[in-house]
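This report refers to the structure that appears directly beneath it.
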Amino acid sequence: MKPPSPGSTAPGPTAPGSPVRDSVTAGQALRAVLFDMDGTLVDTEPLWWQATEAVAESLGHTLAEADVAAVVGRSVTDTAEHLHRTTGGRVPVPSIERSLLDGFHERVARGPRAMPGALDLLDALAEAGIPLGLVSASPRSVVDLVLAGLGPHRFAVTFADGETPRTKPHPDPYLAAAKALGVEARSCVAVEDSPAGIASAEAAGCHVLAVPSSVPIDAADGRTVVAGLTEVDPALLRALGGRRVPGGRASR
C-alpha cells in the first residue's frame with residue numbers, strides 16, 4: 001500500500017540546557033521523529049507473543065528464551081519461517097503466516113492499550129510542529145487496526161511490513177520513511193523498543209531513543225535508553241536530533 005503523502009517539515013532548534021551530554025559532535029537539527037508501533041506506542045508485544053505461542057503449541061513446540069530473537073520485533077514472515085524450521089518443516093510457511101496473523105488480528109481487534117505517556121508525547125510533538133512517521137514490522141492490516149485507535153492523522157507517513165524491499169532489522173523502512181518526509185535519516189530520531197527495530201534504525205543512520213519493553217536494551221554510541229515514554233518530551237528529542245551521544249544514557 002502506498003503511504004500517505006508526507007506533511008511539511010520544519011527543523012527545531014536544540015533545546016538550551018538539555019540534559020543530554022555536551023561532549024558531542026554538532027549535528028543537524030531534528031527534522032522528524034519516527035516511531036515503532038508494537039511495544040513502543042501500544043502494548044501489542046504480549047499479544048504477538050501470545051499469538052505466536054498458540055501457533056507454536058499447535059505445531060508441537062513450546063516457546064522459550066531461545067525463540068525471543070525470532071519473535072519480538074520481527075515480521076510475520078520472519079516468525080513463521082522460524083517456526084517452520086524449529087518444528088521440522090511439516091507445515092508450510094504460508095500456512096503458519098496465516099495462523100499467526102489470524103491470532104494477532106483477533107487479539108489486536110480487542111483494542112490494545114497505549115503505552116504510558118505515548119499519547120501525551122504524540123500530542124506534545126504535534127504542538128511543537130515536529131513531523132512524525134510510523135515505521136512498523138507488522139502488516140498493514142494490523143497497523144491500520146492500531147491507527148484507528150491512535151489516530152491516523154497523527155502521522156505524516158506510515159510504513160508497514162511488505163511496503164519496502166526488506167523490513168526490520170534491515171534499514172529499508174526507516175530510510176523510506178525519512179525519504180517520504182523529505183529529510184535525511186541522520187536528522188531523525190527513531191523511537192524503538194526491540195533489538196531488531198534498533199538495528200534497523202541505526203543501520204539507516206537515525207539516532208535511536210530506546211524504550212525497552214520485553215527485551216533489555218543497552219545504551220550505546222548514538223543510542224539513548226530511557227525507562228518509558230513518560231520520560232520523553234520534544235526538548236529531549238530535539239537535543240538528540242542535533243547531537244550524537246557517546247554511550248547514550250540510562251535515564252533522564
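Each residue takes its place number in the sequence, starting with 1. On a predicted model such as this, the values are computed, not experimentally measured, just so you know.
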So do [Y] and [X] actually touch side chain to side chain, heavy atoms under 4.5 Å?
{"X": "Pro212", "Y": "Asp193", "value": "no"}
{"X": "Val183", "Y": "Cys188", "value": "yes"}
{"X": "Pro195", "Y": "Ile198", "value": "no"}
{"X": "Leu101", "Y": "Val142", "value": "yes"}
{"X": "Leu41", "Y": "Asp36", "value": "no"}
{"X": "His207", "Y": "Thr224", "value": "yes"}
{"X": "Arg154", "Y": "Leu134", "value": "no"}
{"X": "Leu145", "Y": "His105", "value": "yes"}

Non-hydrogen atoms of [X] and [Y] that approach each other most closely:
{"X": "Leu229", "Y": "Thr40", "value": "CD1-O, 3.3 Å"}
{"X": "Val135", "Y": "Ala177", "value": "CG2-CB, 3.7 Å"}
{"X": "Leu100", "Y": "Leu83", "value": "CD2-CD1, 4.3 Å"}
{"X": "Pro173", "Y": "Ser200", "value": "CG-OG, 3.9 Å"}

Of Val71, Val72, Asp67, which is the lone residue that meets side chain to side chain contact (heavy atoms under 4.5 Å, CB included) with Thr79?
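Going through Val71, Val72, Asp67 one by one, the side chain to side chain contact (heavy atoms under 4.5 Å, CB included) with Thr79 is satisfied by Val71 alone.
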Using the rule given for side chain to side chain donor-acceptor pair (under 3.5 Å), can you reason through Asp102 versus Ser99, listing the C-alpha separation, both sets of side-chain angles and the distance that settles it, and then say yes or no?
CA-CA 5 Å; Asp102 287 347; Ser99 296; 5.8 Å; no
When Ser138 is tested against each of Thr44, Asp38, Thr167 for side-chain hydrogen bond (donor to acceptor under 3.5 Å, both in side chains), which residue passes?
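Among the candidates, only Asp38 passes.
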Rounded to the nearest 0.5 Å, how far does CD1 of Ile130 lie from CG of Leu122?
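So the CG of Leu122 and the CD1 of Ile130 are separated by 11.5 Å.
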Rounded to the nearest 0.5 Å, how far does NE2 of His61 lie from OG1 of Thr52?
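Going from the OG1 atom of Thr52 to the NE2 atom of His61 covers 10.5 Å.
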So, are Lys168 and Glu192 salt-bridged, with charged N and O less than 4.0 Å apart?
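Looking at Lys168 and Glu192, the cut-off is met.
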Short N-O contact, Arg223 and Glu202, less than 4.0 angstrom
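Result for this pair is yes, salt bridge flagged.
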Indicate if Leu47 and Val211 have the same hydrophobic cluster label, given that clusters are the connected sets of ILVMFWY residues with side-chain heavy-atom separations under 4.5 angstrom.
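As far as the 4.5 Å side-chain criterion goes, Val211 and Leu47 are connected within one cluster.
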Could you walk me through whether Thr77 and Glu97 satisfy the side chain to side chain donor-acceptor pair (under 3.5 Å) test, starting with their C-alpha distance in whole Å, then the side-chain angles of each, then the deciding distance to 0.1 Å, before giving a yes or no?
CA-CA 6 Å; Thr77 299; Glu97 287 181 306; 2.4 Å; yes
